[in-house]
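Next up is a structure, given as structure tokens.
Here is the naming used below: chain letters follow the sequence lines, and residue numbers restart at 1 for every chain.
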2 protein chains.
Amino acid sequence: MNQLEPLAQEDRDAFLALPFRLKEVEAGQVILDEGSDTPSCIELLAGFTYRHRTLRNGARQIISVHIPDDFPDLQSGLLGTAIHTLQMLTPGRLALFRAEDLQRLVFERPAIRNALWRETLIDISICGEWVINVGRRDARGRIAHLLCEFAMRLRSAGLLEGDSYELPMTQDQIADAIGLTAVHVNRTLQEMRRSGLIYTERGIVKVTNWMGLAALGDFNPQYLPIEPDRG
Amino acid sequence: MNQLEPLAQEDRDAFLALPFRLKEVEAGQVILDEGSDTPSCIELLAGFTYRHRTLRNGARQIISVHIPDDFPDLQSGLLGTAIHTLQMLTPGRLALFRAEDLQRLVFERPAIRNALWRETLIDISICGEWVINVGRRDARGRIAHLLCEFAMRLRSAGLLEGDSYELPMTQDQIADAIGLTAVHVNRTLQEMRRSGLIYTERGIVKVTNWMGLAALGDFNPQYLPIEPDRG
DNA sequence: CGACTGATTGACGGGATTCAACAACCGTGG
DNA sequence: CCACGGTTGTTGAATCCCGTCAATCAGTCG
């Protein structure tokens, strides 16, 4: 969520005046490794990232997916150590801030503190929704909810036009995000296509029945504190 | 997590000088209803709470459990609306602060801001761990992980002595916390008792094999930024 | 064209759910 | 003191959603 937008010009300028390092990254590139120290805070300028962890039994769970303008990992940036792996879903561009600089800015500018804190609170909201998704919905519901959430977030970021968008995830990754296997995701997606809910083609998702998809996923966008409609 | 402890005396005093309302509450009492406005921030002084939501299909998912000294719902307190129901697990005592007072204090005292922000970040860590738990572990692993997490948090709060503690949850509630049914939780607990991992009796959980339990739950306490040992 | 990654399909097995009934425990009140 | 209703815990049988394994197909790229 780009919470910096509603800031006063002065605050925006102060933020943009921070020294940072630009970094172009490829798809699949690991940004932060689980357990590594993280002296810097990251803003995602372009592309998509995801945070995940692999258990000893080999199973992997994706904890969150980030879209442009998100801060994918304020947590480890401020706690000091990464507890998840942060990786690129697509090629992209990052801005790396030194944690101490950000700390100082946050100290000096309450508006920025509020914006970042708010961003953090939204992260919790989304994470809680993922717990619900993985814990209490069946395969169709989980996928439907994921697709709805992604659409909403993209829309609020101005990255969604019409009723289709690019979901840059393989079925393997979708499976790891919703706690299923790729095989079952595949079958479920087929079923949803047959039902006329969605249409997919090479990473492009087209929602052909919004009401039906939202109903299937029991989707209530209230947890995304975002202006109700803009598209 | 009581992150206020390491604060300077001056900051502690400022916090404690805030006007607040004390509230004694019974077990099962609803503190905050999903969708309601929340003008106040809550600190849990005694007892346990949990945050949960019920889906349209009737399934319920518990998103988090809170122990004394936690702020169970900074999120809705600061975002303005509750997206989950907050309810007492046991009888307890709450301190209700006006959100604006807390905001002001946070503005005036960077140390308190840091403490609360840190608390928020820990909440995210735990929430992410729950996603992993519910998404990628089998029944035994989920229960084991839940028990380990609870023990660690209680220990860091000074509420754990020896190898047993009170887990104030029914099997129904445990099931809703880890995305299973009460029936399956029951059978799995029996299996774990037979394996000699734990011993349970009326809400009291006694861990008889810490290593085994941690291994079963693939538990790595790193996500709880807590001093490694104190007991 | 081969090598690779990702999507698709089929057969089979298993962990978890469902439904139902029953037992154990609790505080309450006659 | 015991009957009582309500909650929680326990058990069994049948079912099903999803996982596993493995093979095949499709698209991309050097």
For this session: Determine: side-chain N/O of Gln190(A) to OP1/OP2 of dT9(C), distance under 4.0 Å, yes or no.
Result: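 For Gln190(A), the contact criterion (side-chain N or O under 4.0 Å from OP1 or OP2 of dT9(C)) is met.
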Problem set entry | Polar pair under 3.5 Å, donor/acceptor by atom type, side chain Arg187(B), base dG12(D) |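 Present.
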Problem set entry | Whole-Å gap separating P (dT8(C)) and CD (Glu191(A)) |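 In whole Å, dT8(C) P lies 14 Å from Glu191(A) CD.
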For this session: With heavy atoms under 4.0 Å as the rule, sort Arg193(A) into base, sugar-phosphate or nothing.
Result: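 Sugar-phosphate: the residue Arg193(A), judged by heavy atoms under 4.0 Å, touches backbone atoms but no base.
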For this session: Please state how far atom CD in Glu201(B) lies from atom C1' in dT8(D), giving the value in whole angstrom units.
Result: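 Spelled out: CD on Glu201(B) to C1' on dT8(D) is 15 Å.
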Exercise. Met169(B) or Thr181(A): which one's nearest nucleotide on DNA chain D is closer to the 5' end?
Worked result: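 It is Met169(B) whose nearest nucleotide is closer to the 5' end.
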Exercise. Contact class for Gly179(A) (heavy atom, under 4.0 Å): base, sugar-phosphate, or nothing?
Worked result: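 The answer is sugar-phosphate, as Gly179(A) gets under 4.0 Å only of primed atoms, P, OP1 or OP2.
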For this session: Determine the contact category for Leu180(A): base if any of its heavy atoms lies under 4.0 Å from a base atom, sugar-phosphate if only primed atoms, P, OP1 or OP2 are that close, otherwise nothing.
Result: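 Result for Leu180(A) = sugar-phosphate.
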For this session: Could you tell me whether the side chain of Met192(A) reaches within less than 4.5 Å of the side chain of Ile143(A), counting heavy atoms only?
Result: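 Side chain of Ile143(A) against side chain of Met192(A), heavy atoms only: contact under 4.5 Å found.
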Exercise. Can a side chain N or O of Thr170(A) be found less than 4.0 Å away from OP1 or OP2 on dG6(C)?
Worked result: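 Negative; the distance criterion is not met.
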Exercise. When all nucleic acid strands are considered with a 4.0 Å heavy-atom cut-off, which category describes Ala139(B): base, sugar-phosphate, or nothing?
Worked result: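 Sugar-phosphate contact only - Ala139(B) comes under 4.0 Å of backbone atoms but never of a base.
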For this session: Evaluate the side-chain proximity of Asp172(A) to Thr181(A): yes if any heavy-atom separation is below 4.5 Å, no if none is.
Result: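 When only atoms from C-beta onward are counted, Asp172(A) and Thr181(A) do not touch, as no gap falls below 4.5 Å.
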Exercise. Where is the tightest heavy-atom contact between Phe71(B) and Leu74(B), given as atom of each residue plus distance?
Worked result: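 Taking Phe71(B) first and Leu74(B) second, the nearest heavy atoms are CB-CG, 3.8 Å.
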For this session: Would you indicate what Arg137(B) reaches in the nucleic acid, counting non-hydrogen atoms under 4.0 angstrom: base, sugar-phosphate, or nothing?
Result: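 Here Arg137(B) touches no strand at all.
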For this session: Mind calculating the distance between CG (Asp176(A)) and C1' (dG6(C)) to the nearest angstrom?
Result: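 Answer to the nearest Å: 14 Å.
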Problem set entry | Distance test, side-chain N/O of Gln171(B) to OP1/OP2 of dT10(D), below 4.0 Å |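 Checking dT10(D) against Gln171(B), a side-chain N or O does come within under 4.0 Å of OP1 or OP2.
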Exercise. Of the nucleotides dT17(C), dG19(D), dT9(C), which one has an atom closest to the side chain of Val183(A)?
Worked result: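 Of the options given, the side chain of Val183(A) lies nearest dT9(C).
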For this session: Compare all side-chain heavy atoms of Tyr199(A) with those of Ile204(A) and state whether any distance is below 4.5 angstrom.
Result: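 A side-chain contact under 4.5 Å is absent here.
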Exercise. In whole angstroms, how far is the P atom of dT10(D) from the CZ atom of Arg194(B)?
Worked result: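 The answer, rounded to whole Å, is 11 Å.
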For this session: Grab the CG-P distance between Asp172(B) and dT7(D) for me, whole Å please.
Result: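 After rounding, the gap between these two atoms is 12 Å.
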Problem set entry | Test applied, side-chain contact (heavy atoms from CB on, under 4.5 Å); reference residue, Val185(B); option that passes from Met169(B), Gln171(B), Arg142(B) |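 Looking at Met169(B), Gln171(B), Arg142(B), the match for Val185(B) under the side-chain contact (heavy atoms from CB on, under 4.5 Å) is Gln171(B).
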Problem set entry | Asn186(B) side chain near dG9(D) phosphate (N/O to OP1/OP2, under 4.0 Å) |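 Negative; the distance criterion is not met.
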